[in-house]
*Asks:* 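Starting off with a structure, shown below.
The chains referred to below are lettered A, B, ... by the order of the sequence lines, with proteins before strands, and numbering in each begins at 1.
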Protein chains: 2
Amino acid sequence: MKQEKKKIFQEYAAARGLKSTRQRDIILDSFLSTDRHLSIEELYLQLREKHPGIGYATVYRTLKLFAESGIAREIHFGDGQTRYEHQAEGEHHDHLVCTRCGAIVEFENEAIEKLQDEIAAGYGFLIKNHKLELYGLCAKCRK
Amino acid sequence: MKQEKKKIFQEYAAARGLKSTRQRDIILDSFLSTDRHLSIEELYLQLREKHPGIGYATVYRTLKLFAESGIAREIHFGDGQTRYEHQAEGEHHDHLVCTRCGAIVEFENEAIEKLQDEIAAGYGFLIKNHKLELYGLCAKCRK
DNA sequence: GGGTATATTGAAAGTCACTTTCAACTAGCG
DNA sequence: CGCTAGTTGAAAGTGACTTTCAATATACCC
Ligand SMILES: [Mn+2]
Ligand SMILES: [Mn+2]
Ligand SMILES: [Zn+2]
Ligand SMILES: [Zn+2]
């Protein structure tokens, strides 16, 4: 899974004439080793602890490349920061977001996806992508 | 409908000790007279044609007040701008957004809302609000 | 291995959409 | 009217990117 994404990115990089660098390797490993939905800044601060030399701009540019290569997806939870999560070809999920502690749960629901298609068809729209986020309190925080 | 929202805002303003000003009246009328999903900047530019004196900050602050009073809802379509739309107590709808021409269609779907509740319940979440947006090409643009 | 042509990097400057500050205005009340 | 508290618009401030650019690092060709 993780190795697979690594390979996908390397192939993407090769096809685009991108070079393999120490920074990209570090950022890729770091990104793939967490399942949290990290913002650019969060990943940058985390990286800096072990690799003080890496700059914010490099993290920013590299995450963008990950998204272009298909191994990452950019997400916005309305807190003003851009986040990135792992993305796999042909897979899709939506999110439950706890507005108190920031916990995030991913879910898939075929029935909703189907209803979305029906709605779009009803208005003649050709849907390219969508966003479904449920905001509230997680089980812990609502106690 | 329009008069009703006007009244709701006036009562909200009175309850908060807010004063009635020429600017607020103008912005309120302007906001209520369009059904488009205008950004702060768009409404500001539109207003300036007939009322050159009004400042961006005033439009910004006033739209925020509308949202607080319950007659408006803030929306984000991912283009980096904050938009406001009419909002009525107890009503809710989601959006279809054309990524080419910017057209927006509002829709309601009880079945989806219900499935969302079930998903949330399944994870123990208490949902406060949600966001469902379908992005793609409208009937005209897909031709 | 060295020599080059390209790509990459990090720091700093720039951008954009707000958001706040503040001195000059009003409303609203007595 | 005379005050007092709320408003306004211009300008300055913020925050999260986003771009620029000189210094480096790679990948490829002898
Ligand atoms: Mn979905
Ligand atoms: Mn909805
Ligand atoms: Zn929580
Ligand atoms: Zn369209």
*Asks:* Check side chain to side chain contact (heavy atoms under 4.5 Å, CB included) between B/T21 and all other residues, then give those that pass, not counting sequence neighbours.
*Replies:* B/Q23, B/R24
*Asks:* Run the ring pair (Phe, Tyr, Trp, His ring centres under 6.0 Å) test against A/F9 and tell me which residues pass, sequence neighbours left out.
*Replies:* A/F66
*Asks:* Which residue pairs pass the side chain to side chain donor-acceptor pair (under 3.5 Å) test with at least one member in residues 27-37 of chain A, sequence neighbours excluded?
*Replies:* A/K6-A/D29, A/H37-A/E85, A/H37-A/H95, A/H37-A/E106
*Asks:* Could you tell me the separation between the CZ atom of B/R83 and the P atom of C/dA17, rounded to a whole number of Å?
*Replies:* 11 Å
*Asks:* Does any residue of residues 43-55 of chain A have a heavy atom under 4.0 Å from DNA chain D, and if so, which ones, in number order?
*Replies:* none
*Asks:* Keeping to residues at least two apart or across chains, list the side chain to side chain donor-acceptor pair (under 3.5 Å) pairs with something in residues 11-20 of chain A.
*Replies:* A/Y12-A/R16, A/Y12-A/E68, A/R16-A/E68
*Asks:* Can you tell me the distance, in whole Å, between the OH atom of B/Y12 and the P atom of D/dG6?
*Replies:* 14 Å
*Asks:* Can you list the residues that meet the ring pair (Phe, Tyr, Trp, His ring centres under 6.0 Å) rule with B/Y56, with sequence neighbours excluded?
*Replies:* B/Y44
*Asks:* Quick one, give me the B/S/- string for nucleotides 18-30 of chain C, reading 5' to 3', where B means a protein heavy atom under 4.0 Å from the base and S means that only happens at the primed atoms, P, OP1 or OP2.
*Replies:* SBBB-----BS--
*Asks:* Assess the side chains of A/H130 and A/Q116: does a donor N or O sit below 3.5 Å from an acceptor N or O?
*Replies:* yes
*Asks:* List in chain and number order the residues that pass side chain to side chain donor-acceptor pair (under 3.5 Å) with B/D94, two or more places apart in sequence or in another chain; answer none if no residue qualifies.
*Replies:* B/H92
*Asks:* Does C/dA7 have OP1 or OP2 sitting under 4.0 Å from an N or O in the side chain of A/R16?
*Replies:* no
*Asks:* Report the distance from atom CD1 of B/I26 to atom P of D/dT8, rounded to the nearest whole Å.
*Replies:* 10 Å
*Asks:* What residues form a salt bridge (Lys or Arg N to Asp or Glu O under 4.0 Å) with B/E74, not counting sequence neighbours?
*Replies:* none
*Asks:* I need the CD-P distance between A/E42 and D/dG15, as an integer number of Å.
*Replies:* 16 Å
*Asks:* Quick one: B/Y84 OH to C/dA17 P, roughly how many Å, whole number?
*Replies:* 15 Å
*Asks:* To the nearest Å, how far apart are A/R24 CZ and D/dA27 P?
*Replies:* 10 Å
